[in-house]
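Because the structure is a prediction, the values reported are computed rather than measured. Every chain is numbered from 1, with letters handed out A, B, ... down the list of sequences.
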Amino acid sequence: MTQFAKIIVDVPTMQTDQPYTYSIPELLTHQIEIGMRVVVPFGNGKRLVQGFVIEIIDNNQFDGDVKAIQSVVDLKPVVNTELLDLSAWIANETFSFRITALQMVLPSVMRATYKKRIQLIDEIDESLQDKLFQGNDSIEFDSEHMDAELMKELLQLTKAGKAELIYEVGNKAKFKMQLSIQPELGFEAYEDIKNGLRKNAKQQHLLVNYLQSLTENENNLIPQKQVVKEIGITTATITSGEKNGWLKKIETEVYRDPYKDTVIESTGMQKLTPDQDIAVTAVDEAIKNEINKTFLLQGVTGSGKTEVYLQTIAKALELGKTALMLVPEIALTPQMVKRVKSRFGDLVAVLHSGLSDGERYDEWRRIERKEAQVVVGARSAVFAPLDNIGIIIVDEEHESSYKQEETPRYHARDIVLWRSQRHHCPVILGSATPSLESRARAQKGVYEWLQLPQRINGQPMPEVTLVDMREEMKNTGESNFSEPLRNEITKRLEKKEQTVLMLNRRGFSSFVMCRDCGFVLPCPNCDTSLTLHMDTHTMKCHYCGHEEGIPKICPNCHSRKIRYYGTGTQKVEEELKTLYPEARILRMDVDTTRKKGAHEKILAKFGAKEADILLGTQMIAKGLDFPDVTLVGVLNADTALSLPDFRSSERTFQLLTQVSGRAGRADKEGQVVVQTFNPDHYAIQYAKHHDYESFYRKEMAIRHMENYPPYYYTIQLTASYTDEAGAAKKMLEAVQFLKPALSDKAIILGPTPKSIMRVNNRFYYQVVIKYKSEEQLKERLRELMTKSQAEVRKGLRLTIDSEPVNFI
DNA sequence: AGCACGCCGACT
DNA sequence: GTCGGCGTGCTC
């Protein structure tokens, strides 16, 4: 009996965002399973696309002609039922397409590649064939790069029936294979062969001896490369050995191991403090009883959260379960990875953005084949194809990088909670400064609250000194370094201790300004100014990537007095060098860490005490742990505070608390100097006193008053268009459309232009809706998307972001 | 997305 | 007259 399959096709549009029914050809009946990728004809002509099988049914519910599946891509399913369900849920929650959500849960190499080619099917004039096909009988048809004249002629040929258009669906994923050899005979047989060999056949002797020794081994599959190197014979000898039937050659898959060259010593469990012990016991209990429960593990820097994570992971493994641990990208340092690997060895798979597509795919396969049972990774690692998860950990749970800023705009924390329900396992959300959302849930008892209030070594938190830059400016003028900070740096240099200096990301760019007329070089495509990049000696736009030369004379008034301003890390570094000519300085920012591994190199250098001062952006706030750092300086604590985002206080508090924790972790006492223009701001004051609880209460009061999360949910709509009026009109229309479906408790903010209204010559307008419970909202938003399709074709872009992390 | 169909302007 | 512009509809 003919079976049918429901398939999500790889055509990411609203109109095609639904399962299509295809018949399963007889030949493929026993091959096709749910979760496999297939190639199907779609649309007019012979267009082929990839699709995912999401259901297999016995009777066709579609009244119309069904087409048959063309071919199967996979030997076994690549998406299990859990991830299939998860992707459907994500598509629904984030207003994205099912195909996009499906592709997101898989490594990017598994995405299909499409090619067209023109195949000659009839005899044509030889000179014409030379011209059009370069002597071949088919040619790739690439309408983007092809010569227009050539294309026209090829199409004419197709129309005349002399050639046809062929669609090809490719697959980028390749296993890296390696040739290995294996003995074919037993010990005795090799003995006989040896006796039969000529005396001077030295290489053959070596080979047979080697094969004979392998017969004793359990694992007798040895890479050919290794054999050649080890016993010094040629591959020719091995090949003739194969011909003689002494051995066989086998192709095996090898994994690209990015950590191949790092030697890792194994470490055991550490002794727990009483607080840690309470936490571990509570989580272990939940793992054992398969209780889907969320713990908020709130522990100050240095309180040993990581040890709690590692011991609960050990518990899960002990029970035959797997573990997933998420870490923010910037905290996923070699130190961090080493710590996990040293505990669990080869059971660990690591997924982070630094991996090549191939490496990422290999790690994914190790997980899928259950060779790796512990997964450590950044945001997208939440989709690791683990089975039977025992514990999920989200470290630094407050980090905004857990939210994906492109569609599907998911938050890893939400995915984690979904998966924990599916696997009946507990979740640990860990942080020194939990997000208000999570902390409030702990308050309400939705999460179980675990605390680690003490540092492991019983050390006090470092002393934080605030420097009022308004006062300082009067004395020191334009310097980035206040007198108190300079004095402290001098002291460290004398005592041969290390200093870390942090420059807040926002407002840290250098721009070019004319001293005579005040002209600032703007980006031609965006409403921003270009920033100076000394490494490439160009002016760049951070939003659209536009790049141009550094002007020598002012384009506006032709003055020669055009200089660069602002506090880029490079400029600060220069000032540091003049202040402390003898100090060894390392700079860490986007420019110096662009190359792969550069980040690690800088940290390793600093760790080896090859520098006195480490200067960097926020990337230095996370995960670095150097015992000789006794001074942490924050050059501009409050640049984020002035931003029109309700989370700016929270971010400032979190950042300051986090960097403070970097000072004096071992036996030496640390000190923190924070330069600020708002020394009285509560975020800065509470950070100075390491007082999360007071900050939490104060901030909650403000959120309550202003109707922001966690008291309200938020949704942000953004429209962009090539003309400003179009974008504004669309958002106005959206408000008109949504309003009737909302209760009077919902609050609509906007439409307003985005703070950078024009990016890459598109204009952006937004609307934010704050609400507590709106039954119809999501459905209405979906309708809005559907009815806007016609405009999308004309260039409108409409995005819906549920619980956005950036409001500007 | 990508392709066909269909209806209007300026050319071999 | 026809080639080709892009607005519209459809894809199991």
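- With centres under 5.5 Å and a plane angle under 30°, the ring of Phe62(A) is stacked against the base of dC12(C).
- One interatomic measurement links the two molecules: CG of Leu155(A) to P of dG4(C), which rounds to 11 Å at whole-angstrom precision.
- Taking atom CZ on Arg47(A) and atom C1' on dC10(C), their separation rounds to 11 Å, with Å as the unit.
- Across all strands, Phe97(A) comes closer than 4.0 Å to no nucleic acid atom at all (heavy-atom distances).
- At least one test fails for Lys730(A) against the ring of Tyr765(A): distance under 6.0 Å to the centre or angle within 45° of the axis.
- Rounded to whole Å, atom P of dC12(C) lies 8 Å from atom CG of Asn44(A).
- dC12(C) atom P lies 16 Å from atom CD1 of Ile32(A), rounded to whole Å.
- When heavy atoms are screened at a 4.0 angstrom cut-off, Asp10(A) is found touching no nucleic acid atom at all.
- One interatomic measurement links the two molecules: CZ of Arg793(A) to P of dT8(C), which rounds to 9 Å at whole-angstrom precision.
- Pro19(A) comes within contact range of no nucleotide atom at all, as no heavy-atom separation falls under 4.0 Å.
- Regarding Ile99(A), its CD1 atom lies at a distance of 18 Å from the P atom of dT11(C), rounded to whole Å.
- Residue Tyr22(A) is in sugar-phosphate contact alone, with no base atom involved, counting any heavy-atom pair closer than 4.0 Å across all strands shown.
- Residue contacts for Lys116(A): at a heavy-atom cut-off of 4.0 Å it reaches the sugar-phosphate backbone alone, with no base atom in range.
- The side-chain heavy atoms of Thr94(A) and Thr407(A), taken from C-beta on, include no pair separated by under 4.5 Å.
- Between Lys794(A) and Gly43(A), it is Lys794(A) whose nearest contact on DNA chain C lies nearer the 5' terminus.
- Using a 4.0 Å heavy-atom cutoff across all strands shown, Val66(A) reaches sugar-phosphate atoms only and no base atom.
- The aromatic rings of His411(A) and Tyr402(A) sit tilted, their planes meeting at an angle between 30° and 60°.
- Between the C1' atom of dC10(C) and the CE atom of Met14(A) lies a distance of 16 Å, rounded to the nearest Å.
- In this structure, Lys67(A) places its NZ atom 4 Å from P of dC12(C), rounding to the nearest Å.
- Think of the region where chain A sits on DNA chain B: with heavy atoms and a 4.0 Å cut, that region ends 5' and 3' at dA1(B) to dA4(B).
- Remark: the Arg797(A) side chain and the Ser720(A) side chain contain no N/O donor-acceptor pair separated by less than 3.5 Å.
- In this structure, the side chains of Thr158(A) and Ile118(A) come closer than 4.5 Å at one or more pairs of heavy atoms.
- Classification of the Phe383(A)-Tyr410(A) ring pair by plane angle, with boundaries at 30° and 60°, yields perpendicular.
- Tyr764(A) has its ring centre no less than 6.0 Å from the ring centre of Tyr721(A).
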